[in-house]
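Accompanying notes for the structure given below.
For the numbers below, each heavy atom of this structure counts, side chains included, while hydrogens, waters and symmetry mates do not.
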Amino acid sequence: MKSNKLKDPGIILTVALIIYALLVFVWWPADTYWLGVSLVGWLMFFGLFYWFILGVIYVFWIETKEK
């Protein structure tokens, strides 16, 4: 039985990362500052936590899918 590739956790989480990266690059040319730091810097900083959370979600998702 063949599973749908669009429902694969890796594809879904990769799309989530691409959307976040697009958000950062849309703000890149904007000279918006918050607390003295560029908005792009803040987005990249919070992106570290976002990527970590996505990694944890991926591991648990794959483990439950394999069971």
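Linking ILVMFWY residues whenever their side-chain heavy atoms come closer than 4.5 Å, directly or via other members, leaves Val59 and Leu13 in distinct clusters. A continuous path of Ile, Leu, Val, Met, Phe, Trp and Tyr side chains, each step under 4.5 Å between heavy atoms, connects Phe49 with Met44, placing both in one hydrophobic cluster.
Ring planes of Trp42 and Phe45: perpendicular class, angle over 60° (limits at 30 and 60°).
Residue Phe60 places its CZ atom among 12 or fewer non-hydrogen atoms of other residues, nucleotides or ligands, all under 6.0 Å distant.
Applying side-chain contact (heavy atoms from CB on, under 4.5 Å) to Tyr50 and the options Leu54, Ile53, Leu48 leaves one that passes, Leu54.
Tyr33 meets the side-chain hydrogen bond (donor to acceptor under 3.5 Å, both in side chains) test with Asp31; sequence neighbours excluded.
Note that CG of Leu17 and CG of Leu22 are 11.0 Å apart. Values are rounded to the nearest 0.5 Å.
Side-chain contact between Leu23 and Ile19: absent, with no pair of heavy atoms (C-beta onward) separated by less than 4.5 Å.
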